[in-house]
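First up is the structure itself, then whatever we jot down about it.
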Amino acid sequence: MAIFRALHPLALLACLSAARVIDLEKDLGAKPEDASEATERFNGQKLNESFAQMQPGDRLLIPAKRFHVMGGIQARNLSDVVIQLDGTLVFSERTKDWPRTATGGVLACMRFENLVNVTFTSAGRGTLDGQGGAAWWGFIRYLVHEENRPRLWEMSQIKNVLVERLFLKNAPYWTTSFGGVDGLEIRESDILNERTKHKGHDVYNLGALNTDGWDISGTNVWVHHSKVWNQDDCFTVKGTSSNMLFENIEASGLGLTIGSEGGNDHVSNITFRNVYMDRTFKGIYMKFRDGTPEGQLTIIENITYENIYMKEPEQWAIWIGPAQQSDSREFWKGHPCSLLWPAVPGATCSAAQRGLYRNILIKNVTVDNPKNQPGVILADKAYPMQNLTFDGVKVINWKGNKKNLQYKICDGVDATAKAIGGTDPVPSCFPQAEAESSLLV
Ligand SMILES: *[C@@H]1O[C@H](CO)[C@@H](O)[C@H](O)[C@H]1NC(C)=O
Ligand SMILES: *[C@@H]1O[C@H](CO)[C@@H](O)[C@H](O)[C@H]1NC(C)=O
Ligand SMILES: *[C@@H]1O[C@H](CO)[C@@H](O)[C@H](O)[C@H]1NC(C)=O
Ligand SMILES: *[C@@H]1O[C@H](CO)[C@@H](O)[C@H](O)[C@H]1NC(C)=O
Ligand SMILES: *[C@@H]1O[C@H](CO)[C@@H](O)[C@H](O)[C@H]1NC(C)=O
Ligand SMILES: *[C@@H]1O[C@H](CO)[C@@H](O)[C@H](O)[C@H]1NC(C)=O
Ligand SMILES: *[C@@H]1O[C@H](CO)[C@@H](O)[C@H](O)[C@H]1NC(C)=O
């Protein structure tokens, strides 16, 4: 009570009146449990209005009910506020009526810009449901919408933001895209984008295309005690980024990703540790895309992946190389490594030009009963990977032919590459493996 006595009564009053709680239902009249289009629009408008009136110290409360909303929610310039989602925001399935920009691009489900000291929290487990399944996903609908689908949650220019106790599901496109970050903690928050209960990533489930999980660009980021199950990159570092730690997490999808990086991006000081990956498609995934101009260099350096257990990975457990992706309707083409490689003859996988990997440590990684060869290590010969270390990186319970227990491609590392700590198999292009194989000859 001492602190109260120390305050002038008027100051105390000002304090109390400043800290408003704005209730989306009681104060703004949003209607729960109704999926009509009129209500979706009305609730969306009420959410827009409530963000627009928030002042420092305020808390927006979304009660523990389901609120159906149209997408295109936007908020700007919030500081020192709390957004408490106790219930669920269900985004519309009405793709034709979705709000768009003048040039036809769909708006994100929610977009926040210029935030300082903002907390997204929940008294229970707040849910954002993008309803991607019927409305936006699948190979057929891809031909209609391609990548013009709404991200579930965008934020840009954010400083000191906390995200906790949220559950994000069925994102129409990327689940999140957080850019221009300086100070972000994400904890106890999960992402689930799946089409069926099948616990794996078959072709049907992978049709939930581009459903990236946490996609973050910036600096000073800590993500922990969170899970992602999706059909694209799970925890992802994008663009020029530094000082990020991802730990005590679970991921299944296209993995723990850095990239795709290109154009002058510089990534440094990123750690992923204490990770369990159940039937993931890719595991450790670092990737350069094409398009770094001549005379420039894209760099990924000072990276640690540590204490990772992959149970029955389905495609590539460890990939340090070019992006294996398509970004157009000509999905069979490599940008720069084809999605169809190596299954389809003629599909190519080449290293991206002018991408440099430096000081990369992969330590204490167990790949248990992989469905495929362990992975790909591939760099441009003009810029071989520098100081690449595999320490205790082991494939166990290999069910394939013994002579295939080797990386599918290993090319483009310099003389400092080393395999220690019982690493098995030793990647074939590492100096040690080359020395051993020359002894055998
Ligand atoms: C919310 O505000 C944005 C920006 O003004 C607008 O584009 C969008 O249509 C609004 N959404 C709704 C549901 O009113
Ligand atoms: C938000 O802040 C920026 C600069 O900080 C300013 O240019 C812009 O007008 C503000 N927008 C609103 C809606 O207040
Ligand atoms: C952040 O905002 C909260 C109110 O939501 C406030 O109590 C706290 O003092 C702010 N922190 C800083 C460092 O300004
Ligand atoms: C690396 O990033 C971590 C945060 O993950 C930070 O604590 C540390 O200071 C950074 N190291 C350097 C050398 O900047
Ligand atoms: C990367 O680590 C090296 C060796 O510890 C250090 O000299 C260099 O400054 C680091 N690079 C960046 C961009 O932090
Ligand atoms: C190695 O990683 C496993 C998870 O695969 C973890 O249980 C174990 O504690 C780690 N070992 C060390 C020495 O950190
Ligand atoms: C090589 O990488 C390790 C991390 O694996 C780092 O500690 C070391 O400083 C790097 N060596 C040089 C010469 O940068």
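Read the numbers this way: they start at 1 and go in the same order the structure lists the ligands and their atoms. Start at 1 with the first residue, then count along the sequence.
The closest donor-acceptor contact from the side chain of T280 to the backbone of D278 lies at 3.5 Å or more, if one exists at all.
Residues H266 and T298 bring no donor and acceptor atom of their side chains to less than 3.5 Å of each other. Q74 and R111 form no side-chain donor-acceptor contact under 3.5 Å, judged by distance and modelled atom types alone. Checking T348 against S338 by side-chain atom types alone, no donor-acceptor pair falls below 3.5 Å. Remark: the N387 side chain and the N359 side chain contain an N/O donor-acceptor pair separated by less than 3.5 Å.
The shortest N or O to N or O distance between N364 and ligand 6 is below 3.5 Å.
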For residues 360-371, dump all side-chain donor-acceptor pairs below 3.5 Å to protein atoms at least two apart in sequence or in another chain.
residue: N364; atom: ND2; partner: N307; partner atom: OD1; Å: 2.7
residue: D368; atom: OD1; partner: N397; partner atom: ND2; Å: 2.7
residue: D368; atom: OD2; partner: Y309; partner atom: OH; Å: 2.7

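Distances below 4.0 Å separate heavy atoms of L245 from the following atoms of ligand 4: 5 (O). Within ligand 6, the atoms closer than 4.0 Å to a non-hydrogen atom of I308 are 5 (O), numbered from 1 in the order shown.
Taking the side-chain contact (heavy atoms from CB on, under 4.5 Å) definition, one finds that S177 meets it with R151, E154, W174, sequence neighbours left out. Residues that satisfy the side chain to side chain donor-acceptor pair (under 3.5 Å) test with Y173, not counting sequence neighbours, are E147.
For ligand 7, the protein residues placed under 4.0 Å by at least one non-hydrogen atom are N359, L361, N387.
Neither the backbone nor the side chain of V365 comes within 4.0 Å of ligand 6, counting heavy atoms alone.
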